[in-house]
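Handing you a structure now.
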Amino acid sequence: MDFGRNKRESWKNVLTLAYQSLGVVYGDLSTSPLYVYKSAFAEDIHHSETNEEIYGVLSFVFWTLTLMPLLKYVFIVLKADDNGEGGTFALYSLLCRHARLCSLPNCQLADEELSEYQKDGTSSISKSLLGSSLKSTLEKHKLLQRLLLVLALIGTCMVIGDGVLTPAISVFSAVSGFELSMSKEQHRYVEVPAACAILVFLFALQHYGTNRVGFLFAPVVITWLLCISAIGIYNICEWNPHVYQALSPYYMYKFLKKTQKKGWMSLGGILLCITGSEAMFADLGHFSQLSIKVAFTFVVYPSLILAYMGQAAYLSKHHINETDYRIGFYVSVPVKIRWPVLVIAILAAVVGSQSIITGTFSIIKQCSALGCFPKIKIIHTSSKIHGQIYIPQINWTLMLLCLAVTIGFRDTKRMGNASGLAVITVMLVTTCLMSLVIVLCWHKSVLLAVFFLFFFGSIEALYFSASLMKFLEGAWVPIALALIFSVIMYVWHYGTLKKYEFDVQNRVSINWLLALGPTLGIVRVRGIGLIHTELVSGIPAIFSHFVTNLLAFHQVVVFLCIKSVPVPHVSPGERFLVGRVGPKGYRLYRCIARYGYRDIHKDDIEFEKDLTCSIAEFIRSERPEHITRMENDEKMTVIGTSSSNSQGVSICADGGDDHEDSSEIVSAKSPEKPRKRVRFVVPESPQIDSEAREELRELMEARESGMAFILGHSYVRAKKGSNLMKRIVINYGYDFLRRNSREPTYALSISHASTLEVGMVYQV
């Protein structure tokens with residue numbers, strides 16, 4: 001009985017997620033009937049009395065939708081999730097872990113012990129000899145690793161380009177319905193301003209977050225899908241019940257035989273029928289595999305097929321082609337319902353645009369977390385729904401680019417050429433990365449990977465070549481956008497890598513620290529000095545700069561490293577790695593805070609509390625059996641956040657009587673003025689010795705005295721003798737990006753009185 005109830009509840013959850021995914025994932029794909037036929041018949045081919053062209057286009061649309069979204073994505077690619085997350089960078093992250101490749105410079109062996117690493121079986125050995133050979137080849141050759149990174153960046157940049165082009169073509173195609181109710185001269189002055197106004201309104205709403213208006217998304221898309229399905233069925237029954245015969249692949253052959261080069265060129269418009277398919281994989285983290293499969297297979301796919309068949313049925317009986325819009329979507333809509341359909345189409349276009357804009361925000365956040373994009377301001381618009389974010393700079397940049405494309409092109413043809421190239425390039429990159437995943441992650445036969453690459457790659461290469469031929473007719477836009485964003489990403493990644501290498505080469509030896517003694521040769525005053533560093537081991541050179549030039553320093557010093565790891569999420573119980581730097585009496589600690597590329601960074605107050613508690617828990621539980629990793633003679637211990645470790649040390653503030661027992665450590669009471677008492681609450685078991693108790697008391701007193709953040713401002717310059725390209729990249733490119741990037745998250749709301757900024761010149 002319980003089993004049946006659980007099964008019903010499970011299916012209820014799947015159907016609920018499938019319903020929600022219709023609004024978030026499929027908005028873009030569901031609006032493609034607005035512009036596919038119009039783009040295909042733009043100028044390359046003409047609709048003749050024989051109907052071979054319209055039947056051929058329908059056949060291509062049917063098989064493209066069947067092979068690409070349904071077969072490739074639903075049944076294969078969705079299985080290649082990165083612990084529930086999808087997208088281009090998720091595939092790259094998956095490959096990095098299995099082949100031990102890492103774009104991040106401060107990777108550690110301790111990171112491989114994270115539970116997220118273990119879930120996908122990274123420790124399993126490939127059964128294929130060729131697979132093992134491929135893995136070792138990738139691990140040995142830096143050039144191949146860079147090529148793999150560049151491939152992932154190209155796919156990512158094309159997704160960003162799609163974020164510019166999809167809103168433009170969707171909204172522009174939706175408002176093109178006005179052309180049937182006014183003259184062509186009037187329509188020319190209405191179409192562009194109306195599209196621009198809707199785009200400005202769309203991007204202006206982004207700062208509210210999708211959670212505020214998200215409840216409207218699924219009903220809008222469902223209404224749109226029901227609308228185009230009903231119109232499709234009506235047109236099939238009314239005009240050509242035998243249109244289903246055009247689904248035969250034979251009509252593709254007849255189409256290409258008759259139209260030849262022009263038919264091949266028109267494939268650039270036909271491929272727009274699958275625009276938005278990548279969202280099924282990219283938005284996987286918000287839903288589940290089964291819910292996305294159910295929504296597409298049983299709702300989206302049949303609705304789109306009926307819509308395209310209905311348009312073809314209508315056009316097969318209407319061959320008057322006085323103006324180009326006679327091939328468009330609205331001409332096949334019955335006259336009495338055109339205005340309601342126009343309103344629904346505009347709403348659906350806005351929803352479809354919203355999903356790709358949100359996806360663009362998400363993928364830029366992933367790139368930033370993995371060290372491939374400058375740090376920028378990210379606002380989380382929902383405290384309940386994970387992954388809903390807003391990036392102001394990117395939002396307004398996308399809006400300006402969208403308006404520029406809309407005003408500059410002013411027609412669906414060139415917008416379609418641009419959007420088509422962006423869509424098919426992302427799919428090609430996914431196919432290439434998936435072929436590697438099949439071998440390195442799934443440990444399948446190399447022949448299977450080659451077959452996957454050849455089968456889907458050849459289809460995509462056909463569409464890609466047709467789109468590339470439209471370079472001068474709009475297809476140059478995604479290439480230009482991808483080039484600009486790729487240069488930004490690679491320059492930032494290269495500069496960050498060189499800066500880290502400089503930090504590693506200029507680390508201070510532990511012998512220098514031991515020679516100074518516990519006081520470090522200076523006066524130690526109350527308080528915690530938090531030194532931000534990218535190093536995960538060793539003493540940063542900036543610390544020796546402080547000790548040499550300052551007369552006093554804090555009694556507790558923490559070397560803080562906030563790093564990203566190539567997994568989607570790090571559980572709170574594995575958030576921190578804590579260890580000592582030098583002997584106990586020095587009161588120097590290292591704390592490494594680890595985040596996945598989709599994790600939300602906490603606010604400053606909560607992070608400061610977790611940081612202090614993690615050090616206190618390390619002091620309390622410091623025993624040989626708790627040590628998990630040795631790195632350069634530093635013993636690191638995995639410590640969770642205070643909220644995840646109910647049995648660990650916690651901080652409590654109250655105004656009660658001053659007393660001390662075995663379960664709390666109280667800081668020294670300030671004689672100057674009464675204040676709320678803050679204490680460590682320590683578990684009674686196991687008992688801690690007097691030395692650890694005294695160390696905890698010092699830590700509490702230091703926290704009470706205040707925390708100072710020491711931020712290093714690096715001035716990175718190419719060293720003498722560097723070639724011209726390196727000097728341009730480092731001295732101008734990376735320096736510009738660094739000066740305009742965001743400071744570390746925890747440092748943004750700190751008062752200037754608690755911050756010490758020190759500049760250093762890096763010769764890389």
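No hydrogens, no waters, no symmetry mates; every other heavy atom, side chains included, goes into these values. Along the sequence shown, residues are numbered consecutively beginning with 1.
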Roughly how far apart are Ile292 CD1 and Leu17 CG, rounded to 0.5 Å?
9.0 Å
Mind checking ring-ring contact (aromatic ring centres under 6.0 Å, His included) for Phe373 and listing every partner two or more places apart, or none if nothing turns up?
none
For a quick check under 3.5 Å, do Ser173 and Ser176 share a side-chain donor-acceptor pair by atom type?
no
Under 3.5 Å, is there a donor-acceptor pair between the side chain of Asn395 and the main chain of Ile391?
no
How long is the straight-line distance from CG of Leu22 back to CD1 of Ile222, given to the nearest 0.5 Å?
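That separation rounds to 5.0 Å.
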With no hydrogens and no angle check, is any side-chain donor or acceptor of Thr431 less than 3.5 Å from a backbone partner on Gly457?
no
Do Tyr301 and Thr66 meet the criterion of a side-chain donor-acceptor pair at a distance under 3.5 Å?
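Distance-only check passes for Tyr301 and Thr66.
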Would you check if the side chain of Ser332 reaches a backbone N or O of Phe329 as a donor-acceptor pair within less than 3.5 Å?
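Here the side-chain-to-backbone pair exists.
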Using a 3.5 Å distance criterion without hydrogens, assess whether the side chain of Ser277 forms a donor-acceptor pair with backbone atoms of Ile274.
yes
Using modelled atom types only, decide if a donor and an acceptor are shared between the side chain of Ser266 and the backbone of Gly263 within a distance under 3.5 Å.
yes
Taking Leu202's backbone N and O only, do any of them form a donor-acceptor pair with Gln206's side chain (distance below 3.5 Å, no angle check)?
yes
In sequence, state the C-alpha distance, the side-chain angles, and the governing distance for Leu71 and Phe456, and then conclude on side-chain contact (heavy atoms from CB on, under 4.5 Å).
CA-CA 10 Å; Leu71 180 59; Phe456 291 107; 3.9 Å; yes
CD1 of Ile394 to CZ of Phe203: how many Å apart, nearest 0.5 Å?
11.5 Å
Leu65 side chain reached by Leu70 side chain, heavy atoms, under 4.5 Å
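No, too far: nothing below the 4.5 Å cut-off.
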Closest approach of Ala449 to Val439 (non-hydrogen atoms, all atoms of both residues)
CB-CG2, 3.4 Å
With sequence neighbours excluded, tell me which residues meet ring-ring contact (aromatic ring centres under 6.0 Å, His included) with Tyr55.
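Here the qualifying residues are Tyr251.
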Which of these, Thr88, Val429, Val77, Val423, sits in a side chain to side chain contact (heavy atoms under 4.5 Å, CB included) with Glu278?
Thr88
Hey, does Lys258 have a side-chain heavy atom less than 4.5 Å from the side chain of Thr50?
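Side-chain contact under 4.5 Å: yes.
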Determine whether Ile270 and Val61 make a side-chain contact, defined as any pair of heavy atoms from C-beta on separated by less than 4.5 Å.
yes
So do Asn417 and Ser467 actually touch side chain to side chain, heavy atoms under 4.5 Å?
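No, too far: nothing below the 4.5 Å cut-off.
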To check you understand the geometry: which heavy-atom pair defines the closest contact between Thr412 and Ser39, and what is its length?
CG2-OG, 3.8 Å
Residue pair Ala461 / Leu428: nearest heavy atoms and the distance that separates them
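It is N-CD2, 4.4 Å.
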With Phe409 via ring-ring contact (aromatic ring centres under 6.0 Å, His included) - residues at least two apart:
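Scan of Phe409 (ring-ring contact (aromatic ring centres under 6.0 Å, His included), adjacent residues dropped) gives none.
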Quick check: does any side chain N or O of Tyr37 sit under 3.5 Å from a backbone N or O of Tyr308, one acting as donor and the other as acceptor?
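Pair found, side chain donor or acceptor close to backbone of Tyr308.
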Derivation and outcome, side-chain contact (heavy atoms from CB on, under 4.5 Å), residues Met415 and Arg410:
CA-CA 8 Å; Met415 289 184 193; Arg410 302 187 183 189; over 6 Å; no
Tell me, please, which residues at least two apart from Asp162 pass side-chain hydrogen bond (donor to acceptor under 3.5 Å, both in side chains).
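Per chain and number, Asp162 pairs via side-chain hydrogen bond (donor to acceptor under 3.5 Å, both in side chains) with Thr166.
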Under the rule for side-chain hydrogen bond (donor to acceptor under 3.5 Å, both in side chains), what residues qualify as partners of Ser435, not counting sequence neighbours?
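side-chain hydrogen bond (donor to acceptor under 3.5 Å, both in side chains) list for Ser435, sorted by chain: empty.
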Lys470 side chain vs Ala418 backbone, donor-acceptor pair below 3.5 Å
no
Applying side-chain contact (heavy atoms from CB on, under 4.5 Å), run through Leu481 and Cys157 and close with a yes or a no.
CA-CA 7 Å; Leu481 291 173; Cys157 291; over 6 Å; no
Donor-acceptor pair, distance only, cut-off 3.5 Å: does the side chain of Thr425 make one with the backbone of Leu421?
yes
For Thr64, check side-chain hydrogen bond (donor to acceptor under 3.5 Å, both in side chains) against everything at least two apart and list the hits.
Tyr463
So does Lys72 pair up with Glu460, basic N to acidic O under 4.0 Å?
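Yes, charged N to carboxylate O under 4.0 Å.
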If I take atom CG from residue Leu267 and atom CG from residue Leu256, how far apart are they, to the nearest 0.5 angstrom?
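Atom-to-atom, Leu267:CG and Leu256:CG are 6.5 Å apart.
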Residues two or more places apart in sequence or in another chain: which of them pass side-chain hydrogen bond (donor to acceptor under 3.5 Å, both in side chains) with Tyr234?
none
Suppose we screen for ring-ring contact (aromatic ring centres under 6.0 Å, His included). Which residues come up paired with Phe451, at least two apart in sequence or across chains?
Phe455
How close do Pro334 and Ile231 get, heavy atom to heavy atom, and via which atoms?
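Here Pro334 and Ile231 meet closest at CD-CG2, 4.2 Å.
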According to ring pair (Phe, Tyr, Trp, His ring centres under 6.0 Å), does anything in residues 60-86 pair up with another residue at least two apart or in another chain? List the pairs.
Phe60-Phe255
Would you please say whether a donor-acceptor pair under 3.5 Å links the side chains of Ser316 and Asn51?
no
Taking the side chain as every heavy atom from C-beta outward, state whether Val164 and Met399 have any pair of such atoms under 4.5 Å apart.
no
Hey, would you say the Trp476 and Phe471 ring centroids sit under 6.0 Å apart?
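Ring-ring flag for Trp476/Phe471: false, centres at least 6.0 Å apart.
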Closest non-hydrogen atom pair, Ile438 against Ser445
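Heavy atoms only, the tightest pair is CG2-O, 4.4 Å.
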Are the side chains of Leu403 and Val200 in touch, meaning some heavy atoms are under 4.5 Å apart?
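The answer is yes, as the side chains (C-beta and beyond) meet within the 4.5 Å cut-off.
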Backbone N or O of Ala90 within a donor-acceptor pair of the Ser93 side chain at under 3.5 Å?
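No, because the side chain of Ser93 does not come within donor-acceptor range (under 3.5 Å) of the backbone of Ala90.
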Taking the side chain as every heavy atom from C-beta outward, state whether Tyr92 and Leu153 have any atom pair closer than 4.5 Å.
no
Kindly state each residue pair satisfying side chain to side chain donor-acceptor pair (under 3.5 Å) with at least one member in residues 217-232, sequence neighbours excluded.
Ser229-Ser303
Begin from the C-alpha positions of Asp81 and Gln289 and carry the test side chain to side chain donor-acceptor pair (under 3.5 Å) through to its verdict.
CA-CA 9 Å; Asp81 64 298; Gln289 286 188 28; 3.2 Å; yes
Roughly how far apart are Leu149 CG and Leu95 CG, rounded to 0.5 Å?
12.0 Å
Going by the rule salt bridge (Lys or Arg N to Asp or Glu O under 4.0 Å), which residues pair with Lys254 if we only count those two or more places apart in sequence or in a different chain?
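Testing Lys254 for salt bridge (Lys or Arg N to Asp or Glu O under 4.0 Å), a comparison that skips the adjacent residues, returns Glu52.
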Tyr244: partners by side chain to side chain contact (heavy atoms under 4.5 Å, CB included), with sequence neighbours left out
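Expected list: His242, Met309.
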Output for pair (Met434 CE, Cys441 SG), nearest 0.5 Å, gives 9.0 Å
Between Lys365 and Tyr597, is there a side-chain heavy-atom distance shorter than 4.5 Å?
no
Check step by step if side-chain contact (heavy atoms from CB on, under 4.5 Å) holds for Ser21 and Phe296.
CA-CA 9 Å; Ser21 71; Phe296 181 79; over 6 Å; no
